[in-house]
Structure formats: C-alpha cells, structure tokens
Amino acid sequence: MKGIEWVFSQLLSKLSVSSSSMPLSTTTTADVGATNQQQQQHQRDNQASTANLQSPAALSSSVTNEENGPRPSTHHLSTQHSHQSDHVSDENKLDPLQKVKNLRIKFLRILGRLKQSQDNLLVAKVLYRLHLASLIRAEESDLNRINLENNKARSIAREQETAGHPDLNFSITILVLGKTGVGKSATINSIFDQPKTETNAFRPGTDLIREVTGIVNGIRVTFIDTPGFLPASINNMRRNKKILHSVKRFIRKSPPDIVLYFERLDHVNMGYSDFPILKLVTDVFGSAIWFNTILVLTHSSSNLPEGPNGFPVNYDSYVRQCINLLQSYVHVAVSDSKLENPVLLVENHPSCKRNLMGEKILPNGQVWKSEFLLLCLCTKVLGDANSFLKFCGSIELGPTRDNRQPSLPHLLSSFLRRRSTPCQNEGENDVDEILHLLSETEGEDEYDQLPLIRILTKSQFEKMNKTQKKAYLDELDYRETLYLKKQLKEECQRRKESKISKDGDSDEHESSPEPVQLPDMAIPLSFDSDYPLHRYRCIVTGDQWLTRPVLDPHGWDHDVGFDGINLESAGEVRKNTFASVSGQISKDKQDFTIQSECAAAYVNPLGGPSYSIGMDVQSSGKDLIYTVYSNAKLKNLKNNVTDCGVSLTSFGNKFYAGAKVEDSILVGKRLKFMMNAGTMSAPGQVAAYGGSFEAVLRSRDHPVRNDHISLTMSAISFKKEMVLGGGLQSEFRLSHGTKVAINTNLNNRNVGQVSVKLSSSEHMEIGLVAIFAFFRALACRKGIQRTSMDALESG
C-alpha cells in the first residue's frame with residue numbers, strides 16, 4: 001500500500017506548477033495523514049472522502065438546463081459504449097475527458113467482478129485522482145458537466161454490468177522478470193487457476209519469451225513470461241544481459257502495462273548478493289522501468305527464521321525488514337531514494353492455507369490473489385488515464401539533477417570585473433606608465449644627494465622627546481620612499497632595455513637560472529615515525545611550468561592528503577604574444593572539481609590596439625561552466641584607454657552572451673576615472689543591463705605607496721527592476737607602523753556593509769579587541785541557547 005501511494009503522490013506532485021505538462025496521482029495531503037492510521041480509521045476516512053466526492057452533486061440545480069440540453073441519456077450512453085466496443089477507431093476519436101469517463105465506468109464494473117468494495121482505501125484514492133485529473137484538464141465550461149458525470153458513473157456501471165453489455169473490452173499486459181526458480185511461472189498458473197506454463201523444481205521451467213493469455217473475472221490478462229536470470233557472476237551476467245536485450249526487443253511490439261520483479265522472501269537477507277541483477281535491469285531498460293514495477297515476494301508462507309531469543313520472529317516485522325532491504329537495493333540501482341515500489345506477497349505451494357472460499361491466504365490472513373488483481377488494476381487504470389489526458393512524464397528517476405540556472409545580474413557583474421592580461425610581468429605597458437609617473441616627481445639623483453643620517457639605537461631613540469621622535473620617523477619614512485622610487489625606476493629601465501635588446505635580435509643569450517628549492521609545503525599531520533615531508537619538495541627550474549600538489553586539510557592519518565594538482569604557466573609564445581595557463585584539479589571518491597583559466601594576448605609595442613582572448617572552465621555540481629571571452633584595448637590618447645569585450649557562457653544546454661565597453665581617463669598623475677557599461681542576455685530571458693563609475697585619488701607617493709581613496713557608483717537593471725549601489729574604499733597610513741583600510745557599500749534596498757581593518761606593528765594592545773569580540777560572541781551564543789531551552793520547556 002505504501003508503494004502505490006508514493007507512485008500516486010509523485011504523479012500529481014507538479015500539478016500546481018503547470019496544468020499542461022503534469023501526470024496523474026492519487027495522494028493528497030489529507031490522504032497522507034490517513035495512511036498512517038489503523039484500518040478502522042482508514043474506513044472512516046474513506047467514507048468521508050467518498051462523501052466529499054459526492055458533494056458536487058449539489059451543483060446539479062444550477063446546471064439543469066445544461067444537463068437537459070444536448071446531454072445524452074443513460075440508454076444512449078450504453079448504446080454509445082456498445083458502439084465503441086465494436087469500433088475501436090471511433091473510441092479513439094473521443095475527447096480525453098470522455099475517455100476518462102468510460103475508463104472510470106470500466107473500473108467500477110471490474111471492482112464488482114473482483115468483489116471489491118468502493119470504500120476500499122486504494123479504490124477511493126484512484127477514483128479521487130481520476131476526478132481531480134479531469135477537473136485539471138477540463139475547461140471552465142466543462143466543470144459542471146464533469147461533476148455531474150462523475151456522480152452518474154456508479155449508476156451507469158451498475159446498469160451496464162446488470163445488462164451484460166457493452167463488452168468490457170479491458171485488458172492488462174504484465175511483464176514478468178526475476179531469477180530462475182523464484183516462482184514466476186507458478187504465480188502465473190495460480191492467477192489463472194490452471195497450469196498455463198510448465199514448472200519444474202530442479203531446472204528452469206521457461207526457456208523462451210512467450211505470452212500467456214487468459215481470462216480472469218472477465219478481464220483479459222496477458223503475461224509476458226521470460227527466462228529466469230542466473231545468480232550474479234561474471235559468466236552468468238553475460239547470459240542475463242542477453243536475456244534482457246531479447247526482452248527489450250520483444251516488448252517493442254506490445255509494451256507492458258505493469259512489470260513484476262520476483263524474488264523469494266526467504267532469500268532476502270543481509271547477505272543478499274543479487275544487486276548486480278537489479279543494476280543490470282536498470283542499465284538495459286533505464287530507470288523508468290522501476291516506476292511501473294511491483295515487487296513480488298514468493299514463498300511468503302515459508303518457515304520464519306529464529307530470533308535472538310530462539311523463537312521465530314514476528315511475521316509482519318520480518319516481512320517489513322525484507323521489503324526495506326530489497327527496496328534499498330533498488331534505490332542504489334536507480335540512484336534515487338525517493339522511489340517506493342508496491343510490494344505483493346505470494347504463496348503458490350499446493351498445501352498453502354485456504355479460507356472458507358477456497359482462496360489461498362498468507363500467514364497474516366491476507367488473500368493475496370485479490371490483492372494482486374486489485375493492485376494491477378489500479379496501476380493499469382491510472383496509466384491509461386495518464387495517457388488519455390496527455391500528462392507528460394514529470395517524474396524522473398535517478399540522481400537529482402541540479403536545475404539551477406545562473407543569474408544574469410550575477411553573470412553581468414562578474415563580466416564587468418576587470419581581468420588581468422597574460423602579459424609578461426603584468427604587461428609591458430605598465431613599465432611606460434610607471435616611468436612616466438616617476439619622471440617628474442623628484443629628481444633622478446634626489447636620493448643620492450641626501451646627506452648621511454645616523455641610525456639611532458633603541459636606547460637612544462627612547463631618550464628623545466615626542467617632537468624629536470616624530471621628526472626622526474618622518475625623515476626615515478621620506479628616505480624610504482625615495483629609495484623605493486629609485487629601485488622601482490631602475491627595475492623598469494632594466495626591463496625596458498632588456499626588451500629592446502631582445503627586439504634587436506641580440507646574440508647574447510641569458511643563461512638558464514639555477515634551480516631554486518621552494519619552501520616546504522604543509523602536509524597532513526601524521527603519527528608515522530617516518531615523516532614524509534621530503535617526498536613533496538619542489539624546485540623551480542628554467543621550465544615555465546609550476547606544478548604543486550593540492551593539500552586536503554581534512555585527510556586521514558596515514559593518508560598522503562593530496563587529492564589534486566595545481567598547474568601554472570605564463571610566458572611569451574611569440575614576439576609580443578603572451579599566454580598564461582592556470583588550473584586546479586581535485587578528485588576524490590565521489591566528486592571531481594576543476595577550475596582552470598587560460599588566456600592569450602597580443603600587445604602592440606608601438607602603443608596600438610592590444611587584443612586578448614581566454615577561456616574559463618569551472619565545476620558546478622555535476623556540470624561544467626564554460627566561458628569564452630575576448631577583449632580589445634585601444635589607447636587613443638595619452639591618458640585615455642578604451643576597452644571593449646564580448647563573452648559567451650555555456651551552462652548545461654543554455655548559452656549566455658554578453659558585451660561591454662570600458663573607458664579610463666587619467667587626470668594628472670593622481671586622479672583616475674573609470675567607467676564601464678554592459679549587457680548580458682540569454683535565449684528566452686530578459687536581458688540584464690548594468691554599468692559603473694569609479695573615481696580614484698592616489699597618494700603623492702604612488703606607485704611605491706598604495707594609499708588611495710576611491711568612490712564607486714553602480715547600477716544594474718533586470719526585469720524592470722533597478723538596483724543602485726555606491727561604495728567607498730580607502731587605504732592610508734595613520735602612522736609609521738599603522739595602516740587602516742575602510743570599505744563601505746550600500747544600495748537602494750538598504751543592504752550594505754561596513755568593514756574597517758587596522759594593522760599595526762607598534763600598538764600590540766589593539767589585538768585585545770579580537771579577544772573581547774571572541775568572548776562576547778560566546779556569551780551571546782550561550783544566551784541564545786538558554787532562551788531556546790526555556791522556550792521548549794515552557795512550550
């Protein structure tokens with residue numbers, strides 16, 4: 001019962017999202033609560049639900065004209081059903097709602113033949129779902145008609161069954177799968193109450209795929225009997241695979257309505273070793289085969305095993321344990337733990353207990369044959385209604401797919417962010433800019449013309465007053481700034497001369513640098529006496545490839561702790577053409593992640609346009625995100641640089657295209673303005689637009705000092721909504737050994753943050769603030785926990 005309820009609930013799980021692509025179901029919120037009660041409570045709930053189904057009859061007074069108009073009478077309906085049974089093509093021409101109505105009448109007629117009450121929980125669920133599905137598919141003008149016809153279905157079915165016409169014209173096709181010797185053929189004979197197939201206790205009884213057809217309670221039942229699988233082994237799996245492919249070709253002609261997978265109840269235990277067979281069935285037929293599969297456990301009256309106390313275990317608990325174990329193996333085979341297959345218990349032994357009606361019963365008193373037919377009937381009816389109403393299959397078994405889609409505003413903001421070009425040492429254009437900034441600041445020999453200064457010891461420095469200390473530190477800072485400028489200027493000139501000599505095809509070749517050992521890497525802690533640090537030492541040679549292992553900080557003891565590798569390389573491929581590659585690959589037993597970036601750029605040595613192209617690859621769950629971008633930079637004026645770029649991002653089966661324009665203007669040597677604007681679009685989505693403006697004021701000692709203040713304003717528009725934001729960043733020195741960094745931002749939705757960072761090498765007492773914040777956080781956390789406990793105790 002639990003399995004069929006899961007199937008029903010999943011079939012209508014997405015009806016609230018879209019009524020045009022949703023399948024059928026029979027579990028609602030009210031029904032889920034009822035399934036956990038006792039059988040008596042079930043019957044009371046079913047009576048209430050039946051009353052609710054009949055409640056739309058009250059609408060008949062408001063639609064009398066519609067009913068007395070072109071609506072056919074009961075006699076005409078009977079004649080129409082007889083005509084449909086003789087002419088199947090005419091039945092196919094009926095509208096889907098009429099087909100569902102006829103299916104409901106057939107279902108009620110078959111219930112009478114099976115001697116099943118309409119108050120049965122499973123039957124009530126099927127009728128309710130048929131009614132609900134019809135209401136979803138119907139138009140507003142058909143709602144009243146559907147409510148009236150549903151109420152008449154019971155009386156019409158009773159009249160047709162009494163009159164004996166029209167013919168029922170209802171059949172079920174069942175595919176039988178399972179290992180050899182589990183009782184597939186014996187179950188078929190038990191359903192028909194006659195030997196339809198050969199059975200043998202010592203050898204397989206079925207060698208070929210064949211159809212076994214018979215009539216059960218006026219229902220045409222067709223079993224597709226298949227050869228049994230052999231126990232899982234390397235050689236046997238080849239034969240099992242051959243059988244499954246033969247079955248797959250056979251059922252293309254007549255697809256089954258239901259699949260029965262057989263297993264012996266007394267063979268399902270903790271040592272169950274037939275999981276490869278379940279996996280093979282999934283690989284050949286696909287995970288969808290388990291959606292209409294019923295698990296059949298034969299030999300359900302076998303002797304029960306002994307429990308820890310030496311007595312046989314309880315029958316219901318033992319069956320429940322076996323069902324859960326077999327279902328768990330099915331979950332692993334389809335990689336989906338949400339699936340719950342219906343389960344049937346079967347006993348075919350001639351000496352099986354029987355009731356007063358001569359029907360075989362199980363140790364728990366259940367008549368398994370009637371339950372077998374009822375469950376197959378309900379599954380068949382819901383499947384036909386699903387096809388009539390053309391509910392697309394919205395249930396997919398297997399690993400959960402990540403249907404997340406990247407946000408266009410997020411992609412746009414990432415695209416507008418500046419990327420560094422793979423030029424040698426951050427680009428040769430920076431050399432000219434630095435030389436230009438340093439050429440007019442102080443004289444070239446300013447540092448060399450300074451008089452000598454005496455460096456004081458700590459004791460001498462402590463004897464000075466505050467004014468003298470400040471003057472002394474300012475003098476040292478001034479000399480340090482001049483020295484840094486001198487060093488930077490000499491380095492830039494050396495790089496420029498080296499580039500000129502290379503362009504002149506000089507015969508002097510630089511010797512390859514000597515290998516340099518990198519610092520020892522951190523590896524996971526281990527109790528091994530032989531500390532394996534020496535195994536992972538790396539050196540830097542003339543080769544431009546830098547390879548480093550990726551450390552897993554959560555590795556186990558006696559484990560190497562490296563689950564990935566990091567590669568980096570950059571250099572000049574051809575004259576004025578540079579390339580760089582960097583990436584990191586990590587792999588463990590379950591996940592594989594990759595993050596890589598490769599780019600190439602051409603730099604015009606005469607100050608003309610520069611071009612770059614690159615591609616990024618990164619993991620997102622089980623998928624990969626590919627981004628291809630290209631930029632063109634033009635320095636049209638001495639202090640003006642214009643940049644334009646395009647990008648194409650692929651995620652899953654969707655593509656996102658973007659374009660942007662950037663421009664930067666340098667006013668003097670300290671003030672710089674940067675502006676950009678761009679758009680990001682995708683097929684079937686509204687494009688996102690955005691841009692930003694930034695003004696940066698740098699210090700007088702730039703570029704040797706990084707003191708600056710910047711003001712940023714941004715705007716992003718998406719789906720008729722606009723987000724405006726502003727930010728302020730500043731970094732400066734309060735004193736000789738103290739630095740402050742401030743970062744604030746705020747948008748028009750009152751969302752923002754303020755960050756202040758203070759670093760000092762003189763005032764160590766500032767570190768006490770962190771200790772105070774730590775203990776304050778602990779106190780607040782304990783207060784919250786105490787409040788929660790008090791609320792639980794009071795509640």
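For reference, positions follow the sequence shown, starting with 1. Just the heavy atoms: all of them, side chains too, but no hydrogens, waters or symmetry mates, feed the values below.
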> At what distance, to the nearest 0.5 angstrom, does OG1 of T593 lie from CD of Q584?
Replying inline: 7.0 Å

>> Between S413 (side chain only) and P409 (backbone N and O only), is there a donor and an acceptor less than 3.5 Å apart?
In response: yes

>> Applying side chain to side chain donor-acceptor pair (under 3.5 Å), can you list everything that pairs with R418, at least two apart in sequence or on another chain?
In response: none

>> Applying side-chain contact (heavy atoms from CB on, under 4.5 Å), can you list everything that pairs with K470, at least two apart in sequence or on another chain?
In response: D474

Result block: side-chain N/O donor-acceptor pairs under 3.5 angstrom for residues 458-465, not counting sequence neighbours:
| unit_1 | atom_1 | unit_2 | atom_2 | d |
| --- | --- | --- | --- | --- |
| S459 | OG | T457 | OG1 | 3.3 |
| Q460 | OE1 | T457 | N | 3.2 |
| N465 | OD1 | T467 | N | 3.4 |
| N465 | OD1 | Q468 | N | 2.8 |

>> With rounding to the nearest 0.5 angstrom, report the NE2 to CD distance, H708 to E731.
In response: 6.0 Å

> Do S610 and N604 meet the criterion of a side-chain donor-acceptor pair at a distance under 3.5 Å?
Replying inline: no

> How far does NZ of K633 sit from OG of S664, to the nearest 0.5 angstrom?
Replying inline: 7.5 Å

Could you go through residues 642-651 and list every donor-acceptor pair under 3.5 Å that involves a side-chain atom there, pairing it with any protein atom two or more places apart or in another chain?
| unit_1 | atom_1 | unit_2 | atom_2 | d |
| --- | --- | --- | --- | --- |
| T642 | OG1 | N636 | ND2 | 3.4 |
| T642 | OG1 | D663 | OD1 | 2.7 |
| T649 | OG1 | T627 | OG1 | 3.4 |

> Who passes side-chain contact (heavy atoms from CB on, under 4.5 Å) against R419, sequence neighbours left out?
Replying inline: E597, D616, Y629

>> Going by the rule side-chain contact (heavy atoms from CB on, under 4.5 Å), which residues pair with A715 if we only count those two or more places apart in sequence or in a different chain?
In response: L724

>> According to side chain to side chain donor-acceptor pair (under 3.5 Å), who are the partners of K654, at least two apart in sequence or on a separate chain?
In response: Q405

> Looking at CZ of F592 and OG of S619, how far apart are the two atoms once the value is rounded to the nearest 0.5 Å?
Replying inline: 6.5 Å

>> Under a 3.5 Å distance rule, please check whether T679 uses its side chain to pair with a backbone N or O of A688 as donor and acceptor.
In response: yes

>> Going by the rule side chain to side chain donor-acceptor pair (under 3.5 Å), which residues pair with E662 if we only count those two or more places apart in sequence or in a different chain?
In response: K660

>> According to side chain to side chain donor-acceptor pair (under 3.5 Å), who are the partners of S586, at least two apart in sequence or on a separate chain?
In response: none

>> Using a 3.5 Å distance criterion without hydrogens, assess whether the side chain of R670 forms a donor-acceptor pair with backbone atoms of L697.
In response: no

> Crowded around K739 NZ? As in, over 12 foreign heavy atoms under 6.0 Å?
Replying inline: no

> Atom CG of L412 and atom CG of L416: how far apart are they, to the nearest 0.5 Å?
Replying inline: 4.5 Å

> Are the side chain of S414 and the backbone of L411 linked by a donor-acceptor contact shorter than 3.5 Å?
Replying inline: no

> Who are the side-chain contact (heavy atoms from CB on, under 4.5 Å) partners of N747, not counting sequence neighbours?
Replying inline: V723, R749, V751

